[in-house]
Visitor: 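Just dropping this structure here.
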There are 2 protein chains.
Amino acid sequence: MEERRAEEQPRRRSDGERTHAAILDTAMRLASVEGLGSLTIGRLAKELGVSKSGVFAHFRSKERLQLETLAAAGEVFEREVLEPGLKAAPGLARLQALCEAHLSYIQRGVFPGGCFFAQVLAEYDAVSGPIHDEVADGQGGWFGLLEQEARTAQQAGELAAGVDPVQLVFELAAPVELANYLSVLNRDPRFVERGRRAVRERLAQAATSPA
Amino acid sequence: MEERRAEEQPRRRSDGERTHAAILDTAMRLASVEGLGSLTIGRLAKELGVSKSGVFAHFRSKERLQLETLAAAGEVFEREVLEPGLKAAPGLARLQALCEAHLSYIQRGVFPGGCFFAQVLAEYDAVSGPIHDEVADGQGGWFGLLEQEARTAQQAGELAAGVDPVQLVFELAAPVELANYLSVLNRDPRFVERGRRAVRERLAQAATSPA
DNA sequence: CTGGTTCTAGCACGACCGTGCGAACTACGA
DNA sequence: TCGTAGTTCGCACGGTCGTGCTAGAACCAG
């Protein structure tokens, strides 16, 4: 069972690995719309045109399927939000770029049900268990990253000294979150634009030398 | 079957009506935690110590149970948020009071899973059907009310002329929404306080003569 | 006491759930 | 060529789901 592969190269993927990835891909799409709790092995099997056992064998329990789906969505978030956002220079520019990357990822419809984590967060915020904990960790990490950039910006004199970085991040994340929910609910991307405007103005207000 | 009651007075409730209300009460609590889709007739029956048929007979379909639960939660929202908020004078005071009533209702834990509508909104934002439509209506009505107060405030000169009422409401509702999700996720009421602070500062900034 | 309405329980149904097991098929190293 | 490991399938299980039907209990009007 332990990893006995010496070579981590782009190595040819076996059939099993390709199927595994395909299952997770479908699972992410489904869960972003209907929730991680509504994920069903039979449903996934039908969607993929394979047998229920064929799906089940890859995870050996429903909970593992859910956890792996969550992890796979985390990788998408890293690729679609973190990676582009982190290209900006540390400090204010990066803080803004991360918010914009988040908004763009919502607007592009990377997941058909909007931000995967917003969906799962709302679903599991009041339900304790490993999924709740994983989501809380991810959320904490994301906010922590933003806060760190805010502090960097403040130390660089890009943000006014009186600004509380934690509160600022809260106030930046709030319109992004709401933009996600409302744009999906009303199938109207203009809500993303409202979120973008709110972020821009909040940052301008917190910045020194408000242009 | 048609309503043949002449007297709509506080009339003594029959056993059936009391049971009906008790079911909806439990359903609201359950759904605020686990979601409206996870509501289960058998689960409700167990929770209430009655038979499955005893629950089912009151609604005759699961969808009606869900819709009635949603309506019952709407009444709670009216009683716990709208009613106290509307006591304030129209305009800026009422806008602020409505936000504060919303925050207070979250903080008091009126529903064990946080704001019922935040939960159901996230659950059904991407799923079309009558529940989605009902939730979208309710959300639109709530924002509409806030926007109306914002316009009243602006006409009364309480808000700066340059403020866009729709955008302002978006920026007020966002921290409230995020406060709900994060306070439940982290079981930490300090997030409600962050939301309160965000609302207060945003209103102060939009108001004329910023004290 | 009687008869009707209202409410709840019991039971059965088909469907789908998560999970386990063994058989078939595939691919590849010896 | 054979054997072994990896992958998928068919099938079965106990359980819960939503939904009907029927019988009885509780209540109330006459």
Side-chain angles (χ1 to χ4, degrees), chain A residues 1-7 9 11-27 30-31 34-70 123-124 127 129-131, chain B residues 1-7 9 11-27 30-31 34-70 123-124 127 129-131:
Chain A
M1 290 306 170
E2 50 265 46
E3 324 245 344
R4 51 179 174 65
R5 322 198 173 292
E7 9 75 41
Q9 309 319 326
R11 199 180 49 80
R12 189 108 177 70
R13 290 199 295 183
S14 72
D15 281 7
E17 284 167 0
R18 244 179 296 122
T19 305
H20 194 97
I23 295 173
L24 288 179
D25 198 73
T26 303
L30 270 179
E34 305 180 7
L36 206 43
S38 304
L39 260 191
T40 268
I41 295 177
R43 177 86 186 287
L44 269 176
K46 194 163 299 181
E47 205 87 15
L48 288 155
V50 293
S51 71
K52 240 172 45 157
S53 338
V55 172
F56 182 78
H58 282 271
F59 305 95
R60 299 194 309 282
S61 87
K62 182 178 176 176
E63 189 173 69
R64 281 183 61 109
L65 165 64
Q66 293 173 316
L67 260 0
E68 286 200 35
T69 303
L70 195 52
E123 194 177 0
Y124 285 91
V127 181
I131 298 182
Chain B
M1 289 306 170
E2 50 264 47
E3 324 243 347
R4 51 179 173 66
R5 320 200 174 291
E7 9 75 41
Q9 310 319 326
R11 201 178 50 80
R12 189 106 178 71
R13 291 201 294 183
S14 71
D15 280 9
E17 284 166 1
R18 244 178 296 121
T19 305
H20 194 98
I23 295 172
L24 287 179
D25 199 73
T26 303
L30 270 179
E34 306 180 5
L36 206 43
S38 304
L39 260 191
T40 268
I41 295 177
R43 177 83 188 288
L44 269 176
K46 195 163 297 178
E47 205 88 15
L48 289 155
V50 293
S51 72
K52 239 173 46 157
S53 337
V55 172
F56 183 78
H58 282 273
F59 305 96
R60 299 195 309 283
S61 88
K62 182 178 178 178
E63 190 173 69
R64 282 183 60 108
L65 164 64
Q66 293 174 315
L67 260 359
E68 285 200 35
T69 303
L70 195 53
E123 195 178 359
Y124 285 91
V127 182
I131 299 183

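Naming: A, B, ... by sequence-line order, numbering from 1 per chain. Predicted model only: the values in this text are computed from it and were never measured.
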Visitor: Rounded to whole angstrom units, what separation is found between the NE2 atom of H58(A) and the P atom of dG6(D)?
Guide: 13 Å
Visitor: Could you pull out all residues at least two apart from H58(A) that satisfy ring-ring contact (aromatic ring centres under 6.0 Å, His included)?
Guide: H20(A)
Visitor: Counting only non-hydrogen atoms, which of residues 35-47 of chain B are less than 4.0 Å from DNA chain D?
Guide: L39(B), T40(B), I41(B), G42(B)
Visitor: I want to check something: taking the side chain as every heavy atom from C-beta on, are T69(A) and F59(A) in contact at a cut-off of under 4.5 Å?
Guide: no
Visitor: Expressed as a whole number of angstroms, how long is the span from F56(B):CZ to dC11(C):P?
Guide: 19 Å
Visitor: Are any of T19(B)'s side-chain N or O atoms less than 4.0 Å away from OP1 or OP2 of dC7(C)?
Guide: no
Visitor: Would you kindly give the CZ-to-C1' distance between R64(A) and dG18(C), to the nearest whole Å?
Guide: 15 Å
Visitor: Check salt bridge (Lys or Arg N to Asp or Glu O under 4.0 Å) between E63(B) and all other residues, then give those that pass, not counting sequence neighbours.
Guide: none
Visitor: Donor-acceptor pairs under 3.5 angstrom involving side-chain atoms of residues 45-56 of chain B: please list them, not counting sequence neighbours.
Guide:
from: S51(B); atom 1: OG; to: G54(B); atom 2: N; distance (Å): 3.0

Visitor: How far apart are the closest heavy atoms of S61(A) and R64(A), and which atoms are they?
Guide: OG-N, 3.1 Å
Visitor: One character per nucleotide, please: for nucleotides 9-15 of chain D, 5' to 3', B when the base has a protein heavy atom closer than 4.0 Å, S when only the sugar-phosphate does, - otherwise.
Guide: BBB----
Visitor: Show which side-chain atoms of residues 34-44 of chain B pair as donor or acceptor with protein atoms under 3.5 Å away, not counting sequence neighbours.
Guide:
from: E34(B); atom 1: OE1; to: R43(B); atom 2: NH1; distance (Å): 2.9
from: E34(B); atom 1: OE2; to: R43(B); atom 2: NH1; distance (Å): 3.4
from: E34(B); atom 1: OE2; to: R43(B); atom 2: NH2; distance (Å): 3.2
from: S38(B); atom 1: OG; to: E34(B); atom 2: O; distance (Å): 3.0

Visitor: Atom CZ of F59(A) and atom C1' of dT7(D): how far apart are they, to the nearest Å?
Guide: 14 Å
